[in-house]
2 protein chains.
Amino acid sequence: MVNQKSLKRFLQYRLSLIKFQRLGFEKVFSYNLGKDVGVTAEQVRKDFSMFGLKGSKRGGYDIKYLLKTIDEIFKRNGERQVIIIGMGNIGQALCNYQGFKENNIIIVAGFDLDPAKYSKKYAIPVHSTDKMEEVIKKNSIRTAIIAVPEFAGQEVCDQLVSLGIKGILNFSPVNLKVPEDIVVNYVNLRNELESLFYYT
Amino acid sequence: MVNQKSLKRFLQYRLSLIKFQRLGFEKVFSYNLGKDVGVTAEQVRKDFSMFGLKGSKRGGYDIKYLLKTIDEIFKRNGERQVIIIGMGNIGQALCNYQGFKENNIIIVAGFDLDPAKYSKKYAIPVHSTDKMEEVIKKNSIRTAIIAVPEFAGQEVCDQLVSLGIKGILNFSPVNLKVPEDIVVNYVNLRNELESLFYYT
DNA sequence: ATTTTTTTGTTCCAAATTTCACAATAATTG
DNA sequence: CAATTATTGTGAAATTTGGAACAAAAAAAT
């Protein structure tokens, strides 16, 4: 399977490439990208070579070509659909997050146990978790965000996997046990902040 | 300097330890913790040994003792103060995030360029960025959250560093250039989600 | 009291990741 | 058009990270 770290670097390269393009450049060298993203030039070249991205010796890499290929890697041309399970603080914030909307990422629906959340006050429709199967099947959803409290994390995860979800972004503070063909990215906001207090 | 990865693992161990304690246990073995957190028992023992945490051969580790020591590592006994720069979507969500409040993490103030945000409608006082110095000095703040748009990230970071901030949690999608005694943790919500679409 | 069992703490080993080094080659210069 | 220079692409070296293995020690069993 593909290296998860290098995948995430590609998304950084992409942001950097767009920046260079806005500045009027058409070509970049590996050390331009590396410097901007904070990795070595060799790392950039290795990443590119891993995905078959070609440059020209002495001429560097063509920005348009790189962006086009990266867009394909991440399916940026189609609509990319996601669901959110858990409409608490984090779930609600993600619904309103411009960063998703601006990048073809559509949050199709939210799910929650609390009926008080099934109102129209959110940017997206919110349903009972009973409806997960229906929504996933109807839209062929493959990607989900888990934003439920700790105790519910694993159970929700198991359900999602059984309904065909392949990629999970997990905000709940649990280590999820999943089959090996499922990819989980973890975001633990509290731990990211708290670890900084070690240095204070 | 200390290994950032093992620091974050300690916070996972902590959550797991609390879980075990709630279940009535007083001792754990490295493989209990490892299994729950998703690392090997050897990794747990290595981490503990790195921070001088002692167990007893055959008896395992004392949960209370581990928790007490981990609490010291992360200064959990005192109040831990933070400021947020950028009161957009993410900044606002973090203000209301229970996970911080429940863990002695106090968001002292928020800062934004937009005067429309200086109202009382947030859970914390929001000021002009001009006031950062005053607030940081008065409260001896050492930790900050950057939640501004891409273009402002580096500038805000430079300001913070010059005002004595030592740890930064960065939500802006830029690689921050900082002196080597400053620690930056990156959270890029969009990239974490987007990288999953590779697999769809 | 001795033996057996279990688990830690640590050294040694393996795998993965990153960096180095350099040949190959395309652009540029004279 | 030959010589020079700059940059890619990649195989080898180095580093980092995680895992296995085992001696030491404590508890339990006999």
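Just so you know, these numbers use all the heavy atoms, side chains as well, and skip hydrogens, waters and symmetry mates.
Interface residues of residues 6-33 of chain B facing DNA chain D, ordered by number: Arg9(B); criterion, heavy-atom separation under 4.0 Å.
You'll find a donor-acceptor pair under 3.5 Å spanning the side chain of Lys46(A) and the base of dG11(D), going by distance alone.
Ion pairing of Arg14(B) with Asp71(B) is present here, as a side-chain N (NZ or NE/NH1/NH2) and a carboxylate O approach within less than 4.0 Å. A salt bridge links Glu72(A) and Lys68(A); the closest N-O separation between the charged side-chain nitrogens and carboxylate oxygens is under 4.0 Å. A salt bridge is absent between Glu102(B) and Arg190(A); no separation between the charged side-chain nitrogens and carboxylate oxygens falls under 4.0 Å. Note on Lys8(B) versus Glu194(A): no salt bridge recorded, every NZ/NE/NH1/NH2 to OD/OE distance being 4.0 Å or above.
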Inset, instruction - Any chance you could lay out the side chain to side chain donor-acceptor pair (under 3.5 Å) test for Ser195(A) and Asn185(B), step after step, and finish with the verdict? - result: CA-CA 9 Å; Ser195(A) 79; Asn185(B) 280 176; 3.0 Å; yes
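Taken together through direct or relayed side-chain contacts under 4.5 Å among Ile, Leu, Val, Met, Phe, Trp and Tyr, Leu160(A) and Val108(A) form part of one hydrophobic cluster.
What separates CE of Met50(B) from P of dT11(C) is a distance of 13 Å, to the nearest Å. Asp47(B) places its CG atom 11 Å from the C1' atom of dG18(D), with the value rounded to the nearest Å. With rounding to whole Å, Phe51(A) atom CZ is found 19 Å from dT8(D) atom C1'. For the pair Gln43(B) CD and dG9(C) C1', the computed distance is 14 Å after rounding to whole Å. One interatomic measurement links the two molecules: CG of Leu66(B) to C1' of dT8(C), which rounds to 13 Å at whole-angstrom precision. If you measure from atom CG of Leu53(B) to atom P of dT10(C), you get 12 Å, rounded to the nearest angstrom.
Residue Ser49(A) places at least one side-chain N or O closer than 4.0 Å to OP1 or OP2 of dT10(D).
Comparing atom distances between the Tyr61(A) side chain and each of dT18(C), dT8(D), dG9(C) picks out dT8(D) as nearest.
Glu192(A) and Asn188(A) share no donor-acceptor pair across their side chains, judged by distance under 3.5 Å alone.
At least one donor-acceptor pair under 3.5 Å links the side chain of Gln92(B) to the backbone N or O of Met87(B).
Across all non-hydrogen atoms, the minimal contact from Tyr65(A) to Thr69(A) is O-OG1, 2.7 Å.
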Inset, instruction - Would you mind building the protein contact string for nucleotides 21-28 of chain D? One character per nucleotide, 5' to 3', B for base within reach (heavy atoms under 4.0 Å), S for sugar-phosphate only, - for untouched. - result: B--BBBBS
